[in-house]
Amino acid sequence: MDWQSESPELWAFLESLNCGDILSGTVAAIERFGVFVALDDGPAHPLFPGVGFISFPELSWRYFVDPTDVVQVGQRVSGELLQFDTYNAEARLSLKALEPDPLRAFADRTPVGRELRGTVEKVVPIGVFVDLGDGIVGLLPFRTADGRPETGPVENVDTGDEIAVVVTEIDPSRRRVLLSAPQRGRHEGAVQAP
């Protein structure tokens, strides 16, 4: 569709926006592919429930299963303009851009090598995902990077167990926290469960 000729008012509005602008509106619809926002100062969209659009990864820094855990239809929201989508004639927004990144805060306050306690969130074939609080989840792999078995009681944990872990890597750019089991009792030749 040629949005410039079909909807000149919408096109003019979108062209007037700049990346980084903060736009506000009301959540108009939550679809399987994202969230539509009826912008306060924008015209109606001829095809979609709103001119603003938020993809699921831009809703929150924190993990969620259902977008209704983050927003509800009718809720007022503000987001940062990421881009003007010329194909769909919509303003792509980010809610999380207006919130501090909890992983960066975690990296600032947590040195590599620190021992923490966390709750087992999920056990998968490659290891254990551990909830460290404040929306931070780290991976305690069953095998270390060099292929040797990870020491410690990781194979004997269940979802909901509280365990001790050591932070081995924090990579904010890849959104990754790697963990290891504490090396207790090494001089005795045995690793003790936390």
Side-chain angles (χ1 to χ4, degrees), residues 20 22 27 30-35 37 54-73 75-80 82 92-194:
I22 307 302
V27 174
I30 300 172
E31 301 292 342
R32 62 180 171 74
F33 47 85
V35 175
V37 179
I54 308 166
S55 65
F56 292 145
E58 293 300 326
L59 283 175
S60 177
W61 291 108
R62 301 187 190 286
Y63 174 78
F64 59 90
V65 175
D66 189 323
T68 60
D69 294 339
V70 182
V71 294
Q72 301 288 321
V73 172
Q75 178 181 339
R76 299 276 306 147
V77 295
S78 293
E80 181 178 312
L82 299 178
R92 293 289 179 111
L93 305 175
S94 173
L95 295 187
K96 77 178 186 181
L98 300 182
E99 300 174 358
D101 180 352
L103 185 57
R104 293 221 180 263
F106 178 80
D108 289 345
R109 72 175 183 268
T110 309
V112 168
R114 174 166 289 163
E115 184 172 319
L116 302 170
R117 293 197 69 76
T119 305
V120 174
E121 186 175 272
K122 188 187 312 184
V123 180
V124 295
I126 61 168
V128 177
F129 286 100
V130 180
D131 182 344
L132 302 170
D134 295 327
I136 305 300
V137 176
L139 174 64
L140 175 59
F142 286 138
R143 297 196 176 272
T144 58
D146 62 10
R148 291 188 314 226
E150 176 61 65
T151 57
V154 293
E155 288 87 353
N156 302 321
V157 298
D158 292 313
T159 301
D161 288 354
E162 187 176 303
I163 61 171
V165 293
V166 175
V167 177
T168 58
E169 180 184 336
I170 303 170
D171 186 346
S173 64
R174 294 174 65 192
R175 315 271 331 137
R176 181 173 79 175
V177 176
L178 290 179
L179 308 169
S180 68
Q183 299 295 314
R184 293 191 180 100
R186 231 179 162 165
H187 60 283
E188 299 164 7
V191 175
Q192 308 204 352

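This one's a predicted model, so the numbers in the text were calculated from it and none came from an experiment.
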| message | Minimum heavy-atom separation for S78 and I22, please, with both atom names. | response | CB-CG2, 4.2 Å
| query | What is the minimum heavy-atom distance between V157 and V123, and which atoms define it? | reply | O-CG2, 3.9 Å
| query | With V165, which of L139, V128, V120, L132 fulfils side-chain contact (heavy atoms from CB on, under 4.5 Å)? | reply | L132
| said: The criterion is side chain to side chain contact (heavy atoms under 4.5 Å, CB included); which residues satisfy it with T159, sequence neighbours excluded? | reply: none
| Side-chain heavy-atom pair W61, L103 within 4.5 angstrom cut-off | no
| Gap between atom CG of L179 and atom CD1 of I163 - 0.5 Å precision | 8.0 Å
| task | Dump the intermediate steps for side chain to side chain contact (heavy atoms under 4.5 Å, CB included) on D171 and L178, then the final yes or no. | result | CA-CA 9 Å; D171 186 346; L178 290 179; over 6 Å; no
| said: Please find the pair of heavy atoms, one from F64 and one from F56, that lie closest to each other, and give the distance. | reply: CZ-O, 3.4 Å
| field | G113 backbone acceptor or donor facing E115 side chain under 3.5 Å | value | no
| How many angstroms lie between atom CG of L59 and atom CG of D69, to the nearest 0.5 angstrom? | 10.5 Å
| task | Taking the side chain as every heavy atom from C-beta outward, state whether I126 and P141 have any pair of such atoms under 4.5 Å apart. | result | no
| note | Note: V71 and V35 closest approach over all heavy atoms is CG2-CG2, 4.1 Å
| message | Under the salt bridge (charged side-chain N to carboxylate O under 4.0 Å, His left out) definition, can you give me all pairs with a residue in residues 99-111, not counting sequence neighbours? | response | D101-R175, R109-D134
| request: List the atom of E58, the atom of L93, and the distance in Å for their closest heavy-atom pair. | output: CB-O, 3.7 Å
| Between V137 and E121, what is the shortest heavy-atom contact and its length? | CG2-OE1, 3.6 Å
| note | The reported gap from CD1 in I54 to CD in E80 (rounded to nearest 0.5 angstrom) is 12.0 Å
| task | Report yes if some heavy atom in the side chain of V177 is under 4.5 Å from a heavy atom in the side chain of T110; otherwise report no. | result | no
